[in-house]
Peer 1: 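Quick one: this structure, given as structure tokens, is what I'll be asking you about.
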Amino acid sequence: MKYLAEMTFAEVQGLGEDTVVILPIGATEAHGPHLPLQTDVTIARAMARAGAQALEESGFKDVVVAPPFHWTSAGFAAGFAGTLSLSPSTVTAILVDAVLSLHRAGFADIILANAHLDPAHTASLHEGVRIAREQHGVVVTFPDITRKPWALRLTAEFKSGACHAGQFETSIVMAERPDLVRESLRAALDPNPASLSQAIREGKKTFEEAGGPAAYFGFPAGASAAEGRETIATLGAIVADALVAARTPGKGE
Ligand SMILES: [Zn+2]
């Protein structure tokens with residue numbers, strides 16, 4: 001597994017024709033009082049790395065991880081200091097340009113490792129994937145973890161919809177970047193069982209409206225690095241399985 005940005009152009013030229021590129025997609029967005037704004041970038045990078053490792057273990061020779069997206073649409077968190085939010089149409093345009101650029105660079109397969117679940121954001125990614133395919137003939141694999149079958153493989157808290165800066169995400173940051181977790185704040189946080197996914201279905205537009213006045217949902221105090229490592233492995237397996245399915249005629253998304 002290699003990070004594209006750490007390679008030289010000559011090393012990229014030397015990659016095989018079958019090279020897979022994974023594009024991690026996060027956000028810069030409020031994640032409770034205990035996690036950094038870059039939480040979704042940290043998760044997306046871990047998902048991409050684990051996906052690359054799983055693909056290499058199943059026989060893919062060269063797997064490259066592209067530089068992550070830090071900027072996207074984050075309307076639910078827009079009321080919290082430090083959150084950066086682009087309009088969904090901008091995100092779609094950037095995604096289309098990014099995947100066309102990766103395609104021109106010669107990568108055989110492009111797959112998204114997305115960790116930011118704001119509905120406007122995921123919709124903008126689906127739209128970008130559609131435009132890349134229909135207008136440019138570039139196929140991009142996008143396992144959307146908010147949808148079946150992928151969501152079913154994740155933790156109970158994730159499936160409950162109380163899944164922003166709660167046990168699920170906090171565990172991953174504890175595994176990846178424990179130095180960035182405000183541990184004394186985390187351990188003292190009350191559970192917030194409000195379901196974001198249900199609030200989204202009801203038409204709510206912000207974390208405040210959805211019942212998350214401190215920008216977290218779920219149970220941060222229940223998080224652990226061990227759970228984070230397990231979830232990262234599952235996210236990596238989702239990336240690998242989605243790519244294999246996309247390559248199998250009749251089984252792609
Ligand atoms: Zn998040």
Side-chain angles (χ1 to χ4, degrees), residues 25-47 69-88 91 114-126 144-147 150-152 154-178 180-225 227-228 231-232 235:
I25 299 181
T28 303
E29 167 184 68
H31 273 80
H34 61 301
L35 293 180
L37 300 172
Q38 71 158 19
T39 288
D40 290 348
V41 177
T42 299
I43 296 170
R45 285 179 64 99
M47 181 179 185
F69 277 24
H70 289 73
W71 289 77
T72 188
S73 191
F76 268 76
F80 294 87
T83 296
L84 305 176
S85 189
L86 308 180
S87 60
V91 178
N114 174 54
H116 176 55
L117 309 177
D118 185 294
H121 163 80
T122 53
S124 69
L125 297 185
H126 283 292
D144 181 348
I145 61 170
T146 66
R147 296 187 181 177
W150 314 117
L152 300 176
L154 296 168
T155 67
E157 183 196 77
F158 184 89
K159 285 182 278 197
S160 79
C163 56
H164 178 82
Q167 183 170 336
F168 176 87
E169 290 194 329
T170 303
S171 293
I172 298 172
V173 182
M174 288 171 79
E176 286 288 302
R177 291 296 306 270
L180 295 180
V181 179
R182 279 58 170 180
E183 186 55 30
S184 56
L185 294 173
R186 177 193 76 82
L189 286 174
D190 288 329
N192 177 10
S195 172
L196 252 183
S197 42
Q198 192 179 327
I200 290 165
R201 282 195 295 275
E202 290 166 357
K204 308 278 167 59
K205 297 280 182 230
T206 66
F207 286 154
E208 295 93 328
E209 285 176 13
Y216 76 92
F217 296 79
F219 187 27
S224 69
E227 178 181 318
T231 298
I232 291 165
L235 291 171

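Every heavy atom of this structure was used, including side-chain atoms; hydrogens, water molecules and symmetry mates were not.
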Peer 1: Check step by step if side-chain contact (heavy atoms from CB on, under 4.5 Å) holds for His126 and His121.
Peer 2: CA-CA 9 Å; His126 283 292; His121 163 80; over 6 Å; no
Peer 1: Apply the test side-chain contact (heavy atoms from CB on, under 4.5 Å) to residues Thr39 and Leu180: give CA-CA distance (whole Å), side-chain angles for both, the deciding distance (0.1 Å), then the verdict.
Peer 2: CA-CA 9 Å; Thr39 288; Leu180 295 180; over 6 Å; no
Peer 1: If you compare all heavy atoms of Glu176 against all heavy atoms of Ala46, which two are closest, and at what distance to 0.1 Å?
Peer 2: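 Heavy atoms of Glu176 and Ala46 come nearest at CD-CB, 3.5 Å.
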Peer 1: Which pair of non-hydrogen atoms, one from Pro33 and one from Tyr216, has the smallest distance, and what is that distance?
Peer 2: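 Minimum heavy-atom separation between Pro33 and Tyr216: CD-CD2, 4.0 Å.
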Peer 1: Ile25 versus Leu125: any side-chain heavy-atom pair under 4.5 Å?
Peer 2: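 The answer is yes; the side chains approach within 4.5 Å.
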Peer 1: What heavy-atom pair brings Ala162 and Ala194 nearest, and what distance separates the two atoms?
Peer 2: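 Heavy atoms only, the tightest pair is CB-O, 3.4 Å.
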Peer 1: When you compare the side chains of Thr170 and His34, does any donor N or O come within less than 3.5 Å of an acceptor on the partner?
Peer 2: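 Checked: Thr170/His34 side chains pair up, N/O donor to acceptor below 3.5 Å.
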Peer 1: To the closest 0.5 Å, what do you measure between CD1 (Ile145) and CG (Leu152)?
Peer 2: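 That separation rounds to 12.0 Å.
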Peer 1: Does any donor atom in the side chain of Thr42 or Gln38 lie under 3.5 Å from an acceptor atom in the other side chain?
Peer 2: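 Indeed, the side chains of Thr42 and Gln38 share at least one donor-acceptor pair under 3.5 Å.
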Peer 1: Measure the spacing between CD1 of Ile200 and OG of Ser195 and express it to the nearest 0.5 Å.
Peer 2: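 Going from CD1 on Ile200 over to OG on Ser195, the span is 8.0 Å.
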Peer 1: Looking only at non-hydrogen atoms, find the nearest pair between His116 and Ser73 and report the distance.
Peer 2: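 Answer, listing the atom of His116 first, then Ser73: NE2-O, 2.9 Å.
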Peer 1: Please determine, by modelled atom types, if His70 and Thr28 share a side-chain donor-acceptor pair under 3.5 angstrom.
Peer 2: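 Short answer, no.
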Peer 1: Mind checking whether Ile232 and Ile172 have side chains closer than 4.5 Å, heavy atoms only?
Peer 2: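 Side-chain contact under 4.5 Å: yes.
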Peer 1: Are Pro119 and Phe76 side-chain neighbours, meaning at least one heavy-atom pair lies under 4.5 Å?
Peer 2: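 Pro119 reaches Phe76 side chain to side chain.
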Peer 1: Has the side chain of Asn114 got a donor or acceptor atom that lies under 3.5 Å from a matching backbone atom of Ala44?
Peer 2: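 No; judged by distance alone, with no hydrogens or angles, the pair does not exist.
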Peer 1: Do the side chains of Arg182 and Pro36 get nearer than 4.5 Å, heavy atoms only?
Peer 2: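 In short, these two side chains touch, coming nearer than 4.5 Å.
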Peer 1: Return the OG to CG distance between Ser124 and Asp118, rounded to the nearest 0.5 Å.
Peer 2: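 Taking OG in Ser124 and CG in Asp118, the distance rounds to 8.5 Å.
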Peer 1: Apply side-chain contact (heavy atoms from CB on, under 4.5 Å) to Thr72 and Glu29, showing your working.
Peer 2: CA-CA 9 Å; Thr72 188; Glu29 167 184 68; over 6 Å; no
Peer 1: Any chance the rings of Phe207 and His164 have centres within less than 6.0 Å?
Peer 2: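 For Phe207 and His164, the ring centres are under 6.0 Å apart.
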Peer 1: How far does CG of Leu35 sit from CE of Met174, to the nearest 0.5 angstrom?
Peer 2: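 Between atom CG of Leu35 and atom CE of Met174 there are 9.5 Å.
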Peer 1: Rounded to the nearest 0.5 Å, what's the gap from CG on Leu235 to CH2 on Trp150? Could you check?
Peer 2: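 Going from CG on Leu235 over to CH2 on Trp150, the span is 11.5 Å.
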Peer 1: Please give me the minimum heavy-atom distance between Ala115 and Asp40, naming the atom from each residue.
Peer 2: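 Smallest interatomic distance, heavy atoms only, reads CB-O, 3.4 Å.
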Peer 1: Any side-chain heavy atom of Glu169 sitting closer than 4.5 Å to one from Phe158?
Peer 2: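 No, side chains not in contact.
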Peer 1: Using the rule given for side-chain contact (heavy atoms from CB on, under 4.5 Å), can you reason through Phe219 versus Asp190, listing the C-alpha separation, both sets of side-chain angles and the distance that settles it, and then say yes or no?
Peer 2: CA-CA 7 Å; Phe219 187 27; Asp190 288 329; over 6 Å; no
Peer 1: Determine yes or no for a side-chain-to-main-chain donor-acceptor pair under 3.5 angstrom, with Glu227 supplying the side chain and Ala223 the backbone.
Peer 2: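 Pair absent, no side-chain N/O of Glu227 close to backbone of Ala223.
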Peer 1: Hey, is CZ on Arg45 packed in by over 12 heavy atoms from elsewhere, all under 6.0 Å?
Peer 2: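 Atom CZ in Arg45 is not packed in, count stays at 12 or less.
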Peer 1: Write down the atom of Phe168, the atom of Thr155, and the distance for their closest heavy-atom approach.
Peer 2: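 Where Phe168 meets Thr155 most closely, the heavy atoms are CD1-OG1, 3.4 Å.
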